[in-house]
Amino acid sequence: MRQELQRPRGTQDILAPISSRMEQLRRIAIDTATRYGYDLLETPIFEQSAVFLRVGESTDIVQHERYTFTDVGGVDLTLRPEGTAAVARAYVENGMANKPQPVRLCYYGPMFRREKPEALRYRQHTQFGAELYGSTQPEADAEVILLACATVEAMGLPAPLVRLNSIGCSVCRPQYRASLLEYYHSHEEELCADCQSRLETNPLRLLDCKVDIDIRDRAPDIKDYWCADCAAHYAELVALLEASGRTVVRDPFLVRGLDYYTRTVFEIAHPSLGNRAALFGGGRYDGLATTLDGPETTPAVGFGMGMERILSVLEDKNLTPERRIYVAHIPGSEADAFVLAEHLRQEGFPIDTDLLRRSLKAQLRDASKRSNIVIIVGGDEWAQFKQVTVKDLAQNEQRTMPVEDLVPYLQQLS
RNA sequence: GUGGAUGUAGCUCAGUUGGUUAGAGCACCAGGUUGUGGCCCUGGGGGUCGGGGGUUCAAGUCCCCUCAUUCACCCCA
């Protein structure tokens, strides 16, 4: 196929068995969120670029991983790279600060980032996420994390191990940041090229480095810099999660890439994804809504979950093939079969039927590939008694019955 | 953005030291007599060998470029 007609890099066509599976996952996600009190919020898939720019100037995903365009009216627009900023914008714009607090929202849909594609890294991927606005309490962090865990379990994954950390607040983080910088500057010559530049751009991300791990391991731990409030918040959060039956582990090197986080950050990986690709991740971002012209103090906490990644670690056992019914005709009764097929569809049955006027033999061959019940219309039984033959392809059993008995019979089958 | 691997039918792949009209399996379609599938047999459709350029009498095969896929890094779901 001509290259210019192929699908864009890093995107995918989702075909039949997988597409219905994705739909299933979407339903599970939204149902679970509903059970926790979260309302579905649908925002546009593009926003004015400023929405994302304000929210994370130093992150790669807004710096050079954006799909940005100018529309004919001259407005600068960006395909959303993540959900959090868009939800925050909607929260502010719709005056949700005036609703009963806390406000619980979830979202589901495609996200776009112009990254170099890789295993489980796409330029368009589907994300499910939830955001809780209006509470600074650790119960809020806990609820969001529990929802994320409950969601992946409802989808059929084993209980996840949550990696957790707190990156402090405006009171304590500056001091930590300073000592981290001091520490790394004293080892500057030993650092890899990436870390040297991180030193300038985003010092916290130094802890993410997989090369200079020996230097990293001796770096100061933020835990020792937490202010009293942050320490208490973290301790209460852990206690709540553990009391709820979740296993958590503190990861002192967990600092997430979006730079709007405050205090809590968390992530869960999956063994088969090699610890690098997280299934879901999130944290608290108390200053985000304010950045988007929201009220002075609008605490919030949330997570995002990569649906393609979930799908990839799910076993295929839940793939139950649909029960379908094939209406076949004996040559000469094409129209009668066609009308019967339409009638059965209106009765709610999933029907396949031949549209090529093929021989009965060819129809049965076709039916055996896509159906498990065949209804044969035509011939003497049809002409004389309006009877049809119903054949179970798997059992290789068939019986003849008046057409008016068909609907009750099929209903009793399923 | 950096580095490695790979690009032949819808899919999985053969294709010998460059040498006639490029193959197989699976899938798809049709037949194997009159109204019945899965097995078997026969036949058929489908490829500008990713694209462009070069070397050569001759390129799927050698060289260069490019595009794409894939893996790792970066970052992230």
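All values below come from the heavy atoms of this structure, side chains included, with hydrogens, waters and symmetry mates left out. The sequence lines fix the lettering, A, B, ..., with proteins before strands; numbering per chain opens at 1.
- If you check every strand for non-hydrogen atoms under 4.0 Å, A:R358 touches sugar and phosphate atoms only.
- Counting only heavy atoms from C-beta on, A:K361 has its side chain closest to B:G32 among B:G35, B:A30, B:G32.
- One donor-acceptor pair, N or O on each side, does fall under 3.5 Å between the base of B:U36 and the side chain of A:Q398.
- Taking atom P in both B:G10 and B:G45, one finds a spacing of 15 Å when rounded to whole Å.
- Within the 4.0 angstrom heavy-atom criterion, base atoms lie near A:Y122.
- In this structure, B:U55 forms no base pair with any nucleotide, since neither Watson-Crick nor G-U wobble geometry is met with both distances under 3.5 Å.
- Checking B:C74, B:G35, B:U69 against the side-chain heavy atoms of A:R9 singles out B:U69 as nearest.
- B:A77 atom P lies 16 Å from atom CD of A:Q124, rounded to whole Å.
- Considering only side-chain atoms of A:K369, the nucleotide from B:C28, B:A30, B:G1 that sits closest is B:C28.
- Atom P of nucleotide B:A27 and atom CG of A:D366 are separated by 14 Å, given to the nearest angstrom.
- Nearest to the side-chain atoms of A:E118 among the listed nucleotides B:A72, B:U36, B:A77 stands B:A72.
- Side-chain proximity of A:I330 to the nucleotides B:G35, B:U69, B:U36 is greatest for B:G35.
- Separating the C1' atom of B:G47 from that of B:A24 is a span of 14 Å, rounded to the nearest Å.
- Distance from the side chain of A:K116 is smallest to B:A72 among B:A30, B:G37, B:A72.
- Judged by atom type and distance alone, A:E115 reaches the base of B:A77 through a side-chain donor-acceptor pair under 3.5 Å.
- The partner of B:A72 is B:U2, judged by Watson-Crick or G-U wobble contacts that both fall below 3.5 Å.
- When both distances must be under 3.5 Å, the Watson-Crick or G-U wobble mate of B:G45 does not exist.
- Cation-pi geometry between A:R80 and A:F112 is not met: the NZ or CZ atom fails to fall both under 6.0 Å from the ring centre and inside 45° of the normal.
- A:I376 comes within 4.0 angstrom of a base, heavy atoms only.
- Contact annotation: side chain of A:K391 to base of B:U36, donor-acceptor pair present below 3.5 Å.
- Remark: the A:N396 side chain and the B:G38 base include a donor-acceptor N/O pair separated by less than 3.5 Å.
- Here B:G31 is the nucleotide among B:G31, B:U36, B:G35 with the atom lying nearest to any side-chain atom of A:S359.
- The two atoms that bring A:A130 and A:Y107 nearest to each other are N-CE2, 4.0 Å, heavy atoms only.
- Residue-level contact check: A:G10 touches the backbone only, with heavy atoms under 4.0 Å from sugar-phosphate atoms and none from bases.
- Atom CD of A:Q363 and atom P of B:G31 are 11 Å apart (whole Å).
- For A:R365 and B:U36, the shortest distance from a side-chain N or O to OP1 or OP2 is not below 4.0 Å.
- When distances are taken from the side chain of A:A278 to each of B:U36, B:A77, B:G3, the shortest belongs to B:A77.
- The distance between atom CZ of A:R309 and atom P of B:A77, rounded to the nearest whole Å, is 8 Å.
- With a cut-off of 3.5 Å on both pairing distances, the Watson-Crick or G-U wobble partner of B:A24 is B:U12.
- B:G7: Watson-Crick or G-U partner is B:C67, with both key distances under 3.5 Å.
- Within 4.0 Å of A:E381, counting heavy atoms only, lies at least one base atom of the nucleic acid.
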